[in-house]
Amino acid sequence: MAPHTTLSTSEIGEKARRDLLLLLEGVRGKKNLVLEKALAGPLNLLVKVSTLQEYGVDKLFFLENDNIDSSQRNVVFLVRGEKARTVMAVADQIKRLRRSSQIDHEFSIFWSPRRTMVSDQILEEAGVLGEVSISELALYFVPLADDLLSLELEDAFSDLYLSKDPTSIYLSAKALMLMQQKHGLFPRIIGKGDNAKRLADLLIRMRTEVTAGESSNTNGPSFLGLTPSSSIDTLIVIDREVDYPTVLLSQLTYEGLIDEFFGIQSNQTEVDSSIVGAASQQQPGQNSGSAATQSQTLKRKIAIDAKDTLYSTLGDSNFAIVGNLLNKVARRLQSSYESRQIANKTTAELRDFVAKLPGYQAEQASLKLHTSLAEEIIKRTRTDTFLRTLEVQQNIMSGADPSTQHATITELIDRGVALPTVLRLLCLESCTSAGMRAKDLETFKRAILHAYGHQHLLTLAALEKMGLLTARSGGLGGGLGGGAGAAKPGSVTNYTPLRRNLRVWDDEVNEAEPNDISYAFSGYAPLSVRLVQSVVQKQQLAGLVKPAGQQAAAAAQGWRLFEDAAKHIRGATFNETQSGEEKAVKARQMLNGSGHADSGKTVVVFFLGGICRAEVAAVRFVGRKLAEAGGKKLLICTTGIVKGDGVVGAAVETGRFGKGV
Amino acid sequence: MSKPTANWEKVGDKFYRKVPLYKEVFDLDLELENYKVVGAPYSGAVAIYRDEDKIHSYRGTQGAKSSIDIYSCAGSLIRRINWDKGSIKGLGWSEDEKLLVVTEDGTVRCYYDLQGDFTPFTLGHGAEDHGVLECRFWSSGFVALLGNNHLIAVNRYDEPRPKLLAIPPTEPVVSWSIIPPAYSLSRSVEVILAIGKTLFVIDATDAEDRDFTAGPFQHISVSPRGEFLAFYTEDGKVWVVSGDWTEKLSEYNSKAKTVPKDMQWCGSNAVALAWEDEVHLIGPRSVATKFYYDAWIHLLPDMDGIRLLTNDVCEYLQKVPDVTEEVFRLGSESPAAYLLEAAEQLEKKSPKADDLIQLIRPNLAEAVDTCVKAAGHEFNIHWQKQLLKAASFGKSVLDLYSSDDFVDMCETLRVLNAARFYEIGLPLSYDQYKRLTPEKLIERLINRHEYLLALRISDYLHLPTDKIYVHWASQKVRVSIEDEESICRLIVQKLHGKAGVSFEEIARAAYDEGRARLATELLNYEPRAGKQVPLLLGMKEDTIALDKAIESGDTDLIYHVLLHLRKKLPLASFFRTINSRPVATALVESSARYQDRELLKDLYYQDDRRLDGANLLIAESLNQTNTPARIDKLKLASKLLQDSRENAFAAKAIDDTAKLLRMQDTFEKDLGPGFVGLSINETIFNLVKAGHTKRAAKVQSEFKVPEHTFWWVRLRALVAARHWNELESLGQQRKSPIGWEPFFNEILGAGNTRVASGFIPKCTGLSVPERIEMWVKCGLVVKAGEEALKAKNRPALEELRAKASGTAIAEIERLIGMLPPVRK
């Protein structure tokens with residue numbers, strides 16, 4: 001019963017990596033690896049292609065392309081087994097290969113993160129179960145950064161809110177359970193949202209189930225590990241449903257904008273090489289941090305992660321100041337470079353300088369890359385559509401009457417801007433004001449059908465199902481006087497009191513030297529992150545909201561900020577404490593020495609349904625403040641990274657009435 | 001008490017000892033020489049069966065019945081498995097004490113609990129035709145040699161996947177052995193075959209000839225960790241080669257005329273050769289010692305030594321552990337030896353004790369450690385005690401000593417001695433116990449139905465006890481002849497509230513035994529919803545299974561139940577079952593969307609979800625390839641939504657879609673392709689762009705497109721088509737519903753400053769500076785100057801002067817001049 005080790009994301013990544021390589025090693029000889037596209041990103045984060053080759057992987061295929069050849073006797077599938085569709089695809093391809101190829105293939109399937117009964121059933125029906133060797137790759141969390149773990153479930157958002165398929169909740173619970181088995185129970189689980197509640201219930205249920213039996217099956221840490229953790233403080237679960245607006249808004253951090261314009265997939269973005277130049281210009285070997293493998297096409301892949309020192313300062317900054325930061329770095333590089341040039345003194349100094357040269361060059365390359373990237377982003381943010389969109393967003397979030405924005409939105413539709421952009425605005429209005437007025441909604445719906453085609457009847461239906469775009473309820477007769485208050489409490493979010501209680505809108509935003517999370521959206525402080533703050537940063541938040549003097553007393557008396565705020569937000573609210581058996585707890589305390597301070601403890605924030613990058617920046621900001629104040633750390637976990645286009649994109653019908661379906 | 005060194009034997013410079021474990025092991029009538037004997041690893045059970053190759057005397061009906069008998073090491077019969085299933089070609093144990101029986105036809109039976117329950121599987125790969133000759137086992141798998149020299153490997157028993165290894169040559173195999181995957185270089189099982197005079201190494205992909213000429217090799221043996229290989233040549237020599245084949249380490253000449261019946265490694269540093277009643281133990285550097293018995297001897301190799309089994313005795317042959325040697329070796333001058341001596345003197349109340357302690361004072365801590373460790377390796381309880389006493393004495397002298405090791409060792413020894421007791425018959429060595437782990441020991445005890453001891457040990461070592469209870473209860477359910485109610489009561493009474501007890505397993509045992517009612521009753525006590533599902537399905541409690549699956553939150557489980565129900569129930573009752581359960585409905589919907597749209601349609605129809613049904617039809621319409629088919633689907637959709645007021649909007653939109661499609665069809669007939677599938681705005685755009693203004697207007701009026709939209713679309717279309725004249729003529733109109741600014745911007749964006757500038761004066765709603773800006777954008781600085789002059793804006797003018805060039809400078813100067821002079 002060793003004391004719980006502290007949470008480390010790299011350890012999780014390392015374990016996943018080891019598991020994968022061990023499995024690969026288990027298949028003797030050279031093999032072809034067939035990947036589900038959704039797993040390519042996580043895989044890329046874990047191992048390099050060269051490592052895979054060392055472990056005998058000859059060629060990589062995508063399951064979706066259905067083009068596996070028979071060049072190797074061993075064929076290894078690495079796929080998720082949750083969806084019947086994928087399983088069927090695997091079964092079909094095995095059958096196809098078996099028919100068409102002369103070689104007697106050896107098939108292996110690594111189900112990730114677990115082998116399912118349904119997959120067995122389907123494989124059996126397809127008649128292939130008997131001849132494939134099946135293993136599990138328990139790939140749950142993948143570290144995207146030191147403080148960011150993601151399950152990388154691409155479909156989590158649409159599954160949860162459109163199909164109402166709770167698979168991702170279950171997988172999240174499993175992943176968190178693993179964390180608990182390693183580090184002990186979360187002493188407190190607190191959160192907001194119906195699905196979040198379901199997750200918490202599952203966690204509690206799983207805990208009793210683990211103590212109820214699996215203890216002796218796993219020969220690792222047994223249920224003795226299930227005492228409250230000494231390294232984790234709280235688990236905060238935020239359901240995406242609670243706070244749609246944050247993901248619908250345009251992200252204004254550097255990283256957020258890269259995601260908005262170019263898209264980031266598992267820390268990798270693809271940018272046209274006409275913008276950033278071809279990768280070959282950089283010296284190979286030195287750019288492993290900034291530029292990864294380059295494909296032959298005109299797109300260039302750029303790795304987005306904090307290992308690049310320059311990027312680590314840029315990524316979470318508001319885009320408004322990125323230019324300045326780049327300038328500063330450029331000047332510093334220039335000056336240090338020149339000073340060395342002139343001061344060619346002793347050989348020792350020279351050697352020192354030469355030793356640092358590669359570092360300079362790498363930094364130079366990274367600087368060049370990000371400058372051109374930033375220039376392109378500036379170009380795009382100066383367009384009329386972007387500015388108009390931003391204006392509408394800012395007005396809606398600051399509490400202006402949404403109907404004043406309708407003219408602009410109508411104009412955007414008339415101008416034929418991209419559908420997701422328009423939908424984001426409409427959904428934003430609907431979400432912040434508890435639905436749109438039925439008449440307005442109908443007008444907009446008609447306008448969208450006219451402008452983008454009638455197939456979007458399906459899109460609109462899907463958006464309504466997700467609760468993103470709805471008519472205001474609660475007053476069929478007097479729809480006009482209704483307002484937000486008419487709806488049932490707990491079913492919609494009412495922003496009016498929140499703007500006051502949680503200061504969701506910050507008029508005195510400071511983008512250059514942020515003093516509040518509102519910097520990430522230039523004014524809007526993400527509701528989700530405010531909720532997190534109301535749990536971990538009660539005092540500071542109270543200080544923000546109320547004039548000084550008053551709040552000190554209020555906070556000291558355990559002002560229930562979270563509960564107060566949660567009243568106005570849709571979805572269930574919960575706050576559970578988990579305590580272990582008394583004896584075990586005492587033993588743990590003895591081991592750790594009693595009266596430990598909070599320092600070094602981790603608060604785990606789980607965003608169910610996804611988190612967007614600007615939001616990550618905001619949470620990190622809170623984390624930094626926490627670290628400065630008391631030494632607590634924040635760890636962000638999520639089902640996947642999302643962005644507004646993807647959120648409404650889940651609903652958008654891609655089929656057309658055209659001829660070429 | 002005999003000296004602990006009494007059974008030591010010197011082999012070269014190392015000592016080996018033969019620890020007597022049990023006496024009077026087997027019935028003397030049992031002719032052990034006619035039996036094949038295999039022992040499970042870690043001093044586990046011993047399985048014997050009559051060797052079919054040997055003639056045996058007829059003993060009436062009793063003896064004729066063939067069976068596999070499982071004994072403990074102490075010779076008590078655990079289980080007799082009657083055998084009438086064909087000729088046994090392979091008998092072996094796995095690490096977790098599963099007995100594997102391979103018959104000639106390639107059938108493998110895996111007896112997993114020492115109690116005769118088994119799971120069968122077949123080897124395939126031609127095993128039934130060529131027959132299995134022999135098998136070699138390792139801790140978690142085995143390799144079978146077929147009649148045609150093919151080799152089939154099985155790597156695991158929970159999901160056996162027999163694999164054919166590379167094909168070796170077909171000449172007869174003299175002898176063979178395997179290197180377990182854990183210790184081979186390739187990390188998969190390797191087989192060494194002696195064929196002719198040489199050796200072949202075979203793995204999954206290659207059969208490699210090692211080019212030996214000294215063969216044929218009569219015996220091959222691989223050391224427990226694969227670091228050495230031993231070969232017995234025909235001329236009676238034993239070769240030892242390093243595991244990577246690089247070095248020949250030693251050669252020993254046995255000078256024996258007959259080939260020994262067995263050759264095995266004893267730990268990793270000695271090789272034992274066995275003839276009928278004689279054993280040679282060959283240590284490093286080819287020195288050997290010989291043991292003689294008066295009965296037929298069997299070698300049961302283990303990870304750190306060999307168990308020797310005759311009718312009469314069971315002995316354990318191992319290298320004397322270093323610590324033991326340090327303490328007990330005659331004339332040892334190690335501190336530990338002195339400490340032991342001191343303790344003995346102390347018992348005699350002799351003052352010498354203190355002298356001795358003082359002598360080893362500086363090394364006392366080390367001496368204590370050694371004594372503790374040596375106690376662990378000691379089988380004799382007397383000497384265990386002596387050593388621990390010595391350690392205890394030593395540490396009482398020390399000021400600072402952590403007693404953890406001492407306490408652990410006392411615990412371990414208690415457990416070991418309990419397990420070694422002849423009624424249990426698990427003579428584990430200390431190393432074996434550490435490798436086996438206490439948990440596995442408990443499993444072995446459970447399989448022997450030694451529940452009480454298992455419980456005691458678990459409690460003593462703070463291990464989970466749930467499995468013991470579950471096993472006990474399952475056994476109870478199977479064999480008890482009491483009525484169901486009292487069994488249930490008894491079990492619940494004993495087990496309720498015990499952490500981790502799986503009632504599901506007990507219930508399954510009850511169900512398998514045909515006691516369905518008992519099973520249901522027991523299942524109610526199972527806390528894990530997910531666990532109950534498969535059994536419930538098996539018991540045909542479908543709806544309860546579905547509810548439990550939903551409760552568990554595991555979608556896989558829910559799907560599993562749903563698939564089952566879908567196959568079993570008529571559609572209507574399937575829907576009835578799911579529609580009161582939203583999660584189930586959602587899952588059915590989302591999976592059916594990709595696989596079974598008809599099912600979805602039926603579902604929506606049954607639930608009267610008209611809008612969803614209509615949407616499904618729209619989706620289908622999208623998939624059609626021609627307009628009439630699409631319109632048919634849309635009509636169906638529209639019909640669904642008729643006469644319901646709340647769906648009026650959707651119904652209207654669907655009708656509009658059909659209308660639009662028809663219109664587009666006519667456009668295509670008249671004007672050529674490129675219309676079907678466009679939205680209304682896009683249609684107008686294309687029409688305007690191609691100059692069909694009238695038709696565009698018709699579309700507008702038909703679908704009541706708002707004026708502002710129409711203007712915007714027309715503007716964009718005209719700009720895209722570069723119809724400047726028409727744009728200019730539009731500019732003649734008095735008013736525009738979208739203002740004139742968009743005209744300016746769009747045209748300027750297209751690069752035509754001349755036309756764009758024509759719209760500036762019409763933008764009356766804008767401020768002067770904005771208009772100046774517009775003029776400048778068109779490159780007309782002078783015009784901008786005039787604008788500024790009109791507004792009497794001197795700063796703006798001066799700013800313009802800076803921007804101007806050529807003649808425009810003078811022009812601006814002139815305009816500035818026209819301003820009223822600045823008053824000082």
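With a threshold of 4.5 angstrom between heavy atoms, B:Lys652 does not approach chain A through any atom at all. Of the two parts of B:Asp203, only the side chain, counted from C-beta on, holds a non-hydrogen atom closer than 4.5 Å to a non-hydrogen atom of chain A. For B:Ala614, no part sits under 4.5 Å from any heavy atom of chain A, backbone or side chain. Residue contact with chain B, scored on non-hydrogen atoms closer than 4.5 Å, is absent for A:Glu464. Interface remark: B:Tyr559 contributes backbone and side-chain atoms alike to the contact with chain A (heavy atom separation under 4.5 Å). Proximity to chain B is limited to the side chain of A:Gln121, based on heavy atoms less than 4.5 angstrom apart. B:Leu678 touches chain A through backbone and side chain together, each having a heavy atom under 4.5 Å away. Contact annotation for A:Arg415: both backbone and side-chain heavy atoms come within less than 4.5 Å of a heavy atom of chain B. Using a 4.5 Å cut-off between heavy atoms, B:Ser552 contacts chain A through its backbone alone, with no side-chain atom that close. With a threshold of 4.5 angstrom between heavy atoms, B:Leu611 does not approach chain A through any atom at all. Heavy atoms closer than 4.5 Å to chain A are found nowhere in B:Arg593, neither backbone nor side chain.
Counting heavy atoms of neighbouring residues, nucleotides and ligands inside a 6.0 Å radius, atom NZ of A:Lys439 does not exceed 12 of them. Dense packing is recorded around CG of B:Asp158, with more than 12 heavy atoms of other residues, nucleotides or ligands lying under 6.0 Å away. For OH of B:Tyr525, the number of neighbouring non-hydrogen atoms (other residues, nucleotides, ligands) closer than 6.0 Å is 12 at most.
The shortest distance between side-chain heavy atoms of A:Arg114 and B:Asp554 falls below 4.5 Å.
Between chain A and the options B:Glu682, B:Lys704, B:Glu589, heavy-atom pairs under 4.5 Å are most frequent for B:Glu682. Between chain A and the options B:Glu504, B:Lys163, B:His708, B:Arg156, heavy-atom pairs under 4.5 Å are most frequent for B:His708. Your options are B:Gln664, B:Glu746, B:Gln595, and the one with the most heavy-atom pairs under 4.5 Å with chain A is B:Gln595. Highest contact tally toward chain B, considering only A:Met88, A:Gln455, A:Glu442, is held by A:Glu442 [criterion: heavy-atom pairs under 4.5 Å]. Heavy-atom pairs under 4.5 Å with chain A were tallied for B:Trp711, B:Phe649, B:Phe675, B:Phe710; the largest tally goes to B:Phe649. The residue among B:Ile680, B:Asp556, B:Leu557, B:Thr657 with the most heavy atom pairs within less than 4.5 Å of chain A is B:Asp556. Between chain B and the options A:Glu411, A:Glu653, A:Arg73, A:Lys465, the largest number of non-hydrogen pairs under 4.5 Å is found for A:Glu411. For the options B:Thr205, B:Ile618, B:Ile738, heavy-atom pairs under 4.5 Å to chain A are most numerous at B:Ile618.
Judged by distance alone, the side chain of B:Arg161 and the main-chain N or O of A:Val132 form a donor-acceptor pair under 3.5 Å. Listed for the A:Arg28 side chain is no donor-acceptor partner under 3.5 Å among the backbone atoms of B:Val189.
Using non-hydrogen atoms only and a strict 4.5 Å limit, the part of residues 155-165 of chain A facing chain B consists of A:Ser163, A:Lys164, A:Asp165.
Summarising the geometry, atom CD belonging to B:Glu551 is positioned 11.0 Å from atom CG belonging to A:Asp201; distances are rounded to the nearest 0.5 Å. B:Trp712 CH2 to A:Leu412 CG: the interatomic distance, rounded to the nearest 0.5 Å, is 9.0 Å. Note that the OG1 atom of A:Thr167 and the CD1 atom of B:Ile558 stand 8.0 Å from one another [nearest 0.5 Å]. For the atom pair A:Arg85 CZ and B:Ser590 OG, the distance stands at 8.5 Å (nearest 0.5 Å). Rounding to the nearest 0.5 Å places CG of A:Asp414 at 7.0 Å from CG of B:Asn681.
In summary, B:Glu159 and A:Arg115 engage in a salt bridge, as defined by a charged side-chain N under 4.0 Å from a carboxylate O.
Residues B:Asn615 and A:Ala461 come closest through the heavy atom pair ND2-CB, 3.3 Å. Taking every heavy atom of both residues into account, B:Leu622 and A:Phe657 meet most closely at CD2-N, 3.7 Å.
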Would you mind writing out the side-chain donor-acceptor pairs for residues 445-453 of chain A within the sub-3.5 Å range, not counting sequence neighbours?
residue: A:Tyr452; atom: OH; partner: A:Val417; partner atom: O; Å: 2.6

Self-check item: Residues B:Ile654, A:His454; criterion side-chain contact (heavy atoms from CB on, under 4.5 Å); working and verdict
Solution: CA-CA 8 Å; B:Ile654 294 171; A:His454 279 87; over 6 Å; no
